[in-house]
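Below you'll find the structure, written out as structure tokens, and then a few comments.
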Amino acid sequence: MWKGRFQQDPARLSSQYGESISFDWRLHRYDIQGSIAHSKALLAAGILTPAEQAGIESTLGQIGVEIESGAFHFDPALEDIHMNIEAELTRRIGPTGAKLHTARSRNDQVALDLRLYLRAETDAIAALVRGLQKSLAALAADNIEVIIPGYTHLQRAQPVYFAHHLLAYVEMLDRDAGRLADVRKRIDVMPLGSGAIAGSTIVLDRALIARELGFGAITQNSMDAVSDRDFACELLAAIAIAGMHLSRLSEDLILWASAEFGFIVISDAYSTGSSLMPQKKNPDISELTRGKTGRLYGNLISLLTTLKGLPLAYNRDMQEDKEPIFDSVDTIKAALEVNAAMVSEIKVNAARAAEAGNDPMLLATDLADYLVRAGVPFRQAHETIGKLVAHCVSTGAAFTDLDLATLQSLSPAFGSDVFQVLDLRHALDARQAPGAPSLANVKAQLERWR
Ligand code: ARG
């Protein structure tokens with residue numbers, strides 16, 4: 001492509017070091033779409049005749065079909081996807097193909113390809129986020145009566161509906177979808193026409209190209225357009241946050257599937273055994289999801305670090321953006337998909353959940369609230385119930401084993417209606433503020449998500 005200027009061929013080591021076709025071949029569809037749109041702008045500018053443009057468009061279409069079918073041979077000597085496709089076009093149709101790169105550089109071309117690719121992938125990821133939300137909501141709906149302990153510091157805190165716990169993840173995933181929708185606006189800006197750095201003396205109708213490719217806007221500064229990768233950073237950040245959510249879900253599922261908790265059973269189809277211990281059934285999908293989150297964070301930091309020292313405008317360092325981008329996109333898609341499938345096959349062990357959720361200790365705060373309603377200041381009520389807890393811990397009795405006289409020896413504010421407070425369903429139904437887990441609230445939330 002630059003043979004005019006050079007007397008020597010590139011050294012083998014140099015071209016091996018510089019090639020990107022081994023990974024950026026994945027942009028082929030977008031490179032071809034972009035080139036066809038570009039050829040239409042060249043036609044409108046009078047650089048191509050209608051016949052030439054038609055020849056370019058149909059030949060690019062054929063090349064695209066061959067690439068999709070796996071029949072196309074990529075040549076590493078041609079460095080990247082852009083030159084592989086253009087060289088093949090020119091090999092097939094001669095000088096007309098050589099006109100295609102008019103008023104274009106690989107700098108604006110790669111920016112375009114990346115935006116087209118990420119726009120499509122952002123939509124695909126968002127759809128998978130919705131899929132996992134659906135699986136979680138369905139698991140919640142199927143187990144609407146199940147109560148488990150809610151945990152803080154991984155110690156039993158207060159009872160909650162299992163569905164309430166799952167719907168917390170549905171909320172997180174909704175924010176993930178919101179972040180994807182937001183970054184999509186910044187991806188959806190068309191950079192072609194920026195050339196290498198300073199546009200071109202051959203003025204193309206950039207709005208036409210944007211319309212052809214369905215972009216909502218065009219970039220307004222050629223230097224920014226070829227050096228901007230903010231949109232990719234934002235997407236990798238959104239993916240990293242979604243990964244963090246999946247990792248926390250994984251941790252909960254791993255705990256719940258353990259013999260110690262025993263709240264859920266993960267299907268055999270999404271578990272693995274041990275090569276040594278015949279009894280083992282391991283939650284590997286969740287562990288892998290937790291582990292892969294590290295990669296997602298790494299990819300974000302990798303891209304930010306690649307960009308941080310670059311003077312304007314394009315620098316070859318930017319070729320290093322692709323592998324972390326591809327890896328994050330692939331990883332989050334796979335994680336969302338497999339987790340949605342796994343979650344939809346989870347079975348809940350209602351007996352084990354009831355055993356844990358029925359721990360009367362979890363209603364200690366409700367007892368304090370009872371005293372507050374009888375006029376006791378909360379701090380004092382807290383101390384009284386604290387003593388009651390200490391009494392239960394030392395005697396091995398549960399709150400529900402105590403008689404009214406024992407309770408009244410600690411506070412005269414206790415009346416015979418206190419035992420109602422210790423009824424689990426009653427306790428949950430009392431939690432009626434928006435966002436709190438009364439059964440009516442949880443059902444209303446499920447309905448909202450549906
Ligand atoms: N493969 C290159 C990349 O991914 C394409 C742009 C190359 N531009 C250049 N001036 N060498 O960034």
Side-chain angles (χ1 to χ4, degrees), residues 1-6 8-35 37-38 60 63 67 72 74-90 98 100-121 187 189-200 209 219 221-233 235-236 299 302-330:
M1 296 276 169
W2 44 76
K3 55 183 184 292
R5 163 72 175 78
F6 283 61
Q8 262 188 305
D9 285 340
R12 186 181 50 84
L13 278 175
S14 168
S15 48
Q16 261 175 17
Y17 193 64
E19 68 82 22
S20 56
I21 189 65
S22 55
F23 47 89
D24 70 11
W25 67 270
R26 294 178 51 164
L27 296 173
H28 62 85
R29 188 175 315 152
Y30 307 105
D31 200 72
I32 287 174
Q33 277 173 19
S35 285
H38 184 66
L60 283 174
I63 293 172
I67 296 175
F72 190 85
F74 292 112
D75 181 1
L78 291 167
E79 213 176 273
D80 57 26
I81 185 63
H82 323 297
M83 297 212 285
N84 266 271
I85 290 175
E86 191 194 326
E88 181 60 16
L89 176 72
T90 304
L100 175 63
H101 210 52
T102 308
R104 186 175 71 170
S105 152
R106 282 184 296 152
N107 298 354
D108 56 351
Q109 190 176 358
V110 73
L112 175 73
D113 292 6
L114 205 53
R115 285 174 181 273
L116 285 168
Y117 162 77
L118 287 181
R119 190 176 65 182
E121 293 296 349
I187 294 172
V189 187
M190 207 292 296
L192 215 63
S194 303
I197 174 167
S200 170
I209 301 174
T219 57
N221 180 304
S222 62
M223 294 180 77
D224 180 44
V226 292
S227 57
D228 171 26
R229 293 292 182 273
D230 294 5
F231 58 93
C233 296
L235 182 61
L236 293 204
N299 290 337
S302 165
L303 180 59
L304 288 170
T305 309
T306 294
L307 294 170
K308 73 181 271 292
L310 301 185
L312 292 188
Y314 179 83
N315 297 266
R316 189 62 179 278
D317 314 45
M318 291 166 77
Q319 180 167 295
E320 292 295 312
D321 62 0
K322 278 164 215 65
E323 286 157 293
I325 289 173
F326 292 150
D327 186 59
S328 279
V329 167
D330 293 345

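We're numbering straight along the sequence, starting at 1. Each ligand, and each atom within it, is numbered from 1 in the order the structure gives. For the numbers below, each heavy atom of this structure counts, side chains included, while hydrogens, waters and symmetry mates do not.
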Residue and atom name of the nearest protein heavy atom (relative to atom 7 (C) of ligand 1), distance in Å to one decimal = Tyr314 OH, 3.5 Å
To the nearest 0.1 Å, how far is atom 10 (N) of ligand 1 from its closest protein heavy atom, and which atom is that?
-> Asn107 OD1, 3.1 Å
Run the numbers for me: atoms of ligand 1, each under 4.0 Å from some heavy atom of Lys322, listed by number.
-> 3 (C), 4 (O), 12 (O)
With side chains defined as the heavy atoms from C-beta onward, is the minimum distance between Phe74 and Ile81 less than 4.5 Å?
-> yes
Does one side chain, of Gln109 or Arg106, offer a donor that lies under 3.5 Å from an acceptor on the other?
-> no
Quick one: which ligand 1 atoms are inside 4.0 Å of a heavy atom on Val110?
-> 4 (O)
Any side-chain donor-acceptor pair under 3.5 Å between Asn84 and His28?
-> no
So, Ser35 versus Arg104: side-chain donor-acceptor pair below 3.5 Å or not?
-> yes
Can a donor-acceptor pair be found between the side chains of Ser328 and Asn299 at a distance below 3.5 Å?
-> yes
Atom 1 (N) of ligand 1: which protein heavy atom is closest, and how many Å away?
-> Gln319 OE1, 2.9 Å
Kindly confirm or rule out a cation-pi arrangement of Arg26 over Tyr117, judged by NZ or CZ under 6.0 Å from the six-membered ring centre and within 45° of its axis?
-> no
Distance to 0.1 Å, residue and atom name: give those for the protein heavy atom nearest to atom 5 (C) of ligand 1.
-> Asp80 OD2, 3.6 Å
Which atoms of ligand 1 sit under 4.0 Å from any heavy atom of Ser20?
-> 1 (N)
Could you check atom 11 (N) of ligand 1 against the protein and tell me its nearest heavy-atom contact, residue, atom and distance included?
-> Arg106 NH2, 3.5 Å
